[in-house]
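I have placed the structure first, in the form of structure tokens, so that the comments after it can refer back to it.
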Amino acid sequence: MPDAALLVGSGKVRELYALDDERLLLVASDRISTFDVVLPTEIPDKGRVLTGLAGFWFARTRDLCANHLLALRPDGRSTECRRLEMLPIECVVRGYLAGSGWKDYTTTGAVCGHTLPPGLTESAELPEPIFTQATKARTGHDENIDRDQAAELVGVERLGEVERVSIALYRFAAEHARTRGILIADTKFEFGLVEQGQLVLGDEALTPDSSRFWPAGEYRPGGSQPSFDKQFVRDYCESLGWDKIAPGPELPDDVVAGTRARYVEAFEQLTGIDFDDYLANPDTVLR
Ligand code: Q0Z
């Protein structure tokens, strides 16, 4: 485990360490959050599932965009990555109308400046995926912004590039996932730059924590959809009548086991790789 003195960032469920001037170590824990609260109970191997999935996508999208992946550590939860100059926007692509996209559509008929056809229902598939940029809020929730605000932050030329690349990445992954029984409703990318201004995909991409994964077989537009990974946890929390204010409840063993199984199922469905093979050798996902 890296020294705490080298910790350069920490999120709700992961940590970022400096390895040297050019490299960082991104470590995904087994912590889980629901309704924005990190629960006291961990989901064994959740961090390994997310790290392996992100590595799988990084290896398969290199021709669409360079990425920060340098190596996966043998622990299966740590990614050595190139240190980037991160762009100050979140790049969200939406193929379906959910979350803040659905909320904005119901009030304005548009999402981040994209005027959408009238009469769409909650969770409807959009005619085309849309790029909906947001600001990075240090605390609380990222705020959707329009194209002009994003252009002020990164420049109009760079914005055009991240939009084109984000949509291409989403189309590739959503198509792959759909044929394997998972809908990627939306997903968030974070990009950075290296020396000569080359655009590089960073952070964790196309995981259930950075995306909405829905089981394709249960897709019923016209209401909210069950989450592929967190639905047992949400249902359990709702059954307790918890007020969704920290601290969250401990999870019983059956909810932990069911949720772990869902993460492993998502990994195996999407990668076609046995999760035990990944645990034995994380590089399996890169080949
Ligand atoms: C990612 C984050 C985490 C807290 C910075 N390759 C990179 N180069 C420079 N910066 C980053 C990356 Cl991935 C970077 N974050 C998000 C991750 C804990 C915040 F593990 N912040």
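Just so you know, ligand 1 is whichever comes first in the structure, and atom 1 is the first atom listed for that ligand. Here the structure is a predicted model, which means the values were calculated and not measured. Numbers here are sequence positions counted from 1.
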Discussion item. Side chains of S227 and D229: any donor to acceptor distance under 3.5 Å?
Written reply: yes
Item to complete: Please find out if less than 6.0 Å separates the ring center of Y96 from that of Y219.
Response: yes
Worksheet, complete the sentence: Those residues at least two apart in sequence (or on a different chain) that pass side-chain hydrogen bond (donor to acceptor under 3.5 Å, both in side chains) with T132 are R94
Fill in: Within-4.5 Å side-chain heavy-atom neighbours: W242 and F35
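In short, these two side chains touch, coming nearer than 4.5 Å.
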Which atom pairs, nitrogen or oxygen on both sides, join ligand 1 and the protein at under 3.5 angstrom?
unit_1: ligand 1; atom_1: 6 (N); unit_2: H68; atom_2: ND1; d: 3.0
unit_1: ligand 1; atom_1: 6 (N); unit_2: R82; atom_2: O; d: 2.8
unit_1: ligand 1; atom_1: 8 (N); unit_2: L84; atom_2: N; d: 2.8

Response to the item:
By ring pair (Phe, Tyr, Trp, His ring centres under 6.0 Å), F191 pairs with (sequence neighbours left out) none
Fill in: Residues clustering with L84 (ILVMFWY side chains joined when closer than 4.5 Å, directly or via others)
M86, V194, V200
